[in-house]
Structures are given as structure tokens and as C-alpha cells.
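Everything below concerns the one structure shown next.
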2 protein chains.
Amino acid sequence: MAEAKIPKATAKRLPIYYRYLNILFNAGKQRVSSTELSEAVQVDSATIRRDFSYFGALGKRGYGYDVENLLNFFKKTLNQDHLTNVALIGVGNLGHALLNYNFRQTNSVRISAAFDINEAIANTIQSGVPVYPMAEMKEQLQIQQVDVAILTVPIEDAQIVADELVDAGVKGIMNFTPIRVSVPATVRVQNVDLANELQTLIYFLDHYGSETTNNSATE
Amino acid sequence: MAEAKIPKATAKRLPIYYRYLNILFNAGKQRVSSTELSEAVQVDSATIRRDFSYFGALGKRGYGYDVENLLNFFKKTLNQDHLTNVALIGVGNLGHALLNYNFRQTNSVRISAAFDINEAIANTIQSGVPVYPMAEMKEQLQIQQVDVAILTVPIEDAQIVADELVDAGVKGIMNFTPIRVSVPATVRVQNVDLANELQTLIYFLDHYGSETTNNSATE
């Protein structure tokens, strides 16, 4: 199916739709209306219909959406039909938590290798994931053909390691460090700045109370 | 100063501006142009000028912005001049990492209490933060006048605990669980869905390559 270039906000909602469709499917549900879906995912039904419209008319008026069809469609769109291996750079407190984090809710993403400069942890297996010394990062990323990395190194190492990742051919970086790393235009960076998220929440509470509807970092 | 109601995207950039202004100020810099600021924070200078315009004209043509004035202004706007105490609910792997996470880059936010049902960890101090049993959550939140909580409990407990937080008077929840919790309109939820962030990064790489500029979860 030819896809129109979809808005980022829509793309970010796709995994949410996918997750709930999985739940519905596993519960034996065969069809779902946009209103039902709306309540479950807390996105208004007009937005849901608009989001779905980017992918062609998937629903029928008066019937709603066929759960299995929709699920299979999203599975393909989100590449849930193949496994993406991801590397984790920096096995500190946050890195360790991410090794244990359930990224595999839909079995399509897996941290397959981790890297750390700490010699006490390098060459061990942590939470089922091999931890290699930093000196082997470039070689291992290339051998394992990993092109997405999660960056959880100390702030002062962030740019150096980002440069090394780019050099190793990594195309996407999920950056948990609070600095904005510089990368070539050929590399995509997704910043996850937890202090900023918390500060923004507090800012909105202080300034506007809680008068508006729920926010999402992913919207 | 009377503030116009500012867009969420602008509010989310304020902590980023603030952080870099701090760095500039500590380096002894007295003024900064929107172009310089733009390069440092990777936000285009037109956006910076528009963001700042919501707060009144803070810069002068041909001079740029006075670093100290701007810093003091943001400090007030972001309530950096007082400490906000935050609670953490659920001291598992991610919760533990967050106890060690440097939310205090600007000394204005602190996790002051944590809660867990695990009796082995309750009534101990972890990373400098007291961990109370869940049974004491409501009482402690009220005594300590905490109205912002970070939710890092298992998915199956998320809604129950969110209900308890609301009952205890919490006004803001930073939700790290993958489900969308239901709360009254008087409570603000900031969802941080790490699996979704990673999946979105991979989705964009697979579909569009890395042709566009950097993304941020906080935009």
C-alpha cells in the first residue's frame, strides 16, 4: 500500500493503537468502533479516524473496524513482523533499568548488545544481554548490523560516543542524556529528557493548574 | 508580568533555554544572540524569538539578550527559585534508576519520598530517599504536601495506584507505565512511554530514513 507521508503526531500514536488492538484481539474481539478505541487509548475519535485515513479507508460506517485486519495492517506498518536489534551504550543505573525494561511488549524490539567502559562489567552478561567493552563497540555494531542505539552515558561523554556511533554506521539514536548531541543530517536523534518532562509537568501545574486534558510526552 | 497562555511546545523548550543560559552565565558570558542560542540548543532562531515574544520583548535588536536578565526571568517563570518535592511510586529497576537520576540539574526538583509494596525495601533509605510502605502513601503525601508523583509501578497496578494518588490530592502524575491511566480532569498526566519512543524512532528510520532533522520526545 502506498503511504502518504504521515504527520509525526500520527506516527507516535500508531504503537498505542497497535497495543490496544493486540489486547482486543487476544480477548477474542472481532470488531471495534472508533468510539470504543477512543475511550481505550484516550485519543478523540475524530483524531483516530483522521489518523487511520492516512493509511486509506480501513473502517466501514456502522460496522467499525475489523480487529484482525487492522492489527495485521499495523503489524506490517510498524514492522512488528520482524525483530529490530538495538544497542545500549552505558550500563549505569538508567542503562541497567533499560536492560530490564520491557521494550518487547510486541516482540519486535530487543536490546541485543550493551557497551560500557567499566571493566568490571564488560564481558559479562547483564539481564540476558552481553556487555562489551567500549573499545569493541564499532566492530560489534557492524558485525551485528545494529543501526539503532540507546545513549545512556554520562553527559560529558555524550558527544564523543555519539560521534563514535555515527562512525560505526548507526542511523538512529535514542538520547537519554540531557545534552543535544550534534550528528550529521543522515542520523536521526530522539531525545528523551526526563528532567525536562518533569519540569514541564510542574510548569504547567504551577501556571495553568490542571485545567486541560492529559498530556503525553509522545504527542 | 502578565503572561499570555503559551503553547505547550514553547513551554517544553523553556527548561532547555534555561539550562544553556545557566551554562553561559557560569562561563561569564554577558549577552547572547538568538543565533548563538539557536546553535547551542538546536532550535531555529525564529522559533526562539517567537517563544521569547510570548513573555514580552526580552531582547534588543543588534545587541541580543542580556544573559543574566534572561536567566533571572526564566528562573522565575520556571519556578527555579523554589524547590518542588516529588514522590516516586514503585522502586523497581526503573524507579531505582530515577532515584539516582539527576533531576536536580537546576536544584529545583527533588524526589523527597518513595513508596513500594516490597517489605524488604520499605522503611529503608535508597539513594538518599526514604522509602515508605504503600500503606502509608496517602498519609505521607499529605503530611509532606507533595502534589507531583512519578509512577513506576507494574502495569497491572498502574490504575489502582493512580486512583490512590488522586485520592491523596496529587495534582500531577509523570506516568512511566505503558497504560493510559484514567484520572479526573483536575489531575494532569505526563506520559513517558519509552517503548513507544523507541518504536517511533524505528518507524521513522524504516519509513523515511533520516532525511528530516532531529526529533525530540519533548517537542
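Naming convention: chains lettered A, B, ... in sequence-line order (proteins, then strands); numbering from 1 in each chain.
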[X] versus [Y], closest heavy-atom pair with distance:
X: B:Tyr20; Y: A:Arg180; value: OH-N, 3.9 Å
X: A:Tyr101; Y: B:Phe176; value: OH-O, 4.0 Å
X: B:Pro15; Y: A:Thr200; value: CG-OG1, 4.2 Å

Kindly compute the distance separating [atom1] ([X]) from [atom2] ([Y]), expressed to the nearest 0.5 Å.
X: B:Ile16; Y: A:Asn191; atom1: CD1; atom2: CG; value: 7.5 Å
X: B:Glu197; Y: A:Asn175; atom1: CD; atom2: CG; value: 12.0 Å
X: A:Phe204; Y: B:Gln190; atom1: CZ; atom2: CD; value: 8.0 Å

Leading residue by heavy atom contact count with chain B [cutoff under 4.5 Å; candidates A:Asn93, A:Asn100, A:Leu194]: A:Leu194
Other residues, nucleotides, ligands: >12 heavy atoms within 6.0 Å of B:Gln145 CD: no
Heavy atoms of other groups near B:Ile121 CD1, more than 12 under 6.0 Å: yes
Chain A contact via B:Leu14 - side chain, backbone, both or neither, heavy atoms under 4.5 Å: side chain
Region of B:Val41 in contact with chain A, defined by heavy-atom distances below 4.5 Å: backbone
Side-chain (A:Arg19) to main-chain (B:Pro178) donor-acceptor, under 3.5 angstrom: yes
Heavy-atom pairs under 4.5 Å with chain A, option from B:Gly95, B:Ser127, B:Gly92, B:Ala97 with the top count: B:Ala97
Positive for side chain to side chain contact (heavy atoms under 4.5 Å, CB included) with A:Leu201, one of B:Ile150, B:Val148, B:Ile173: B:Val148
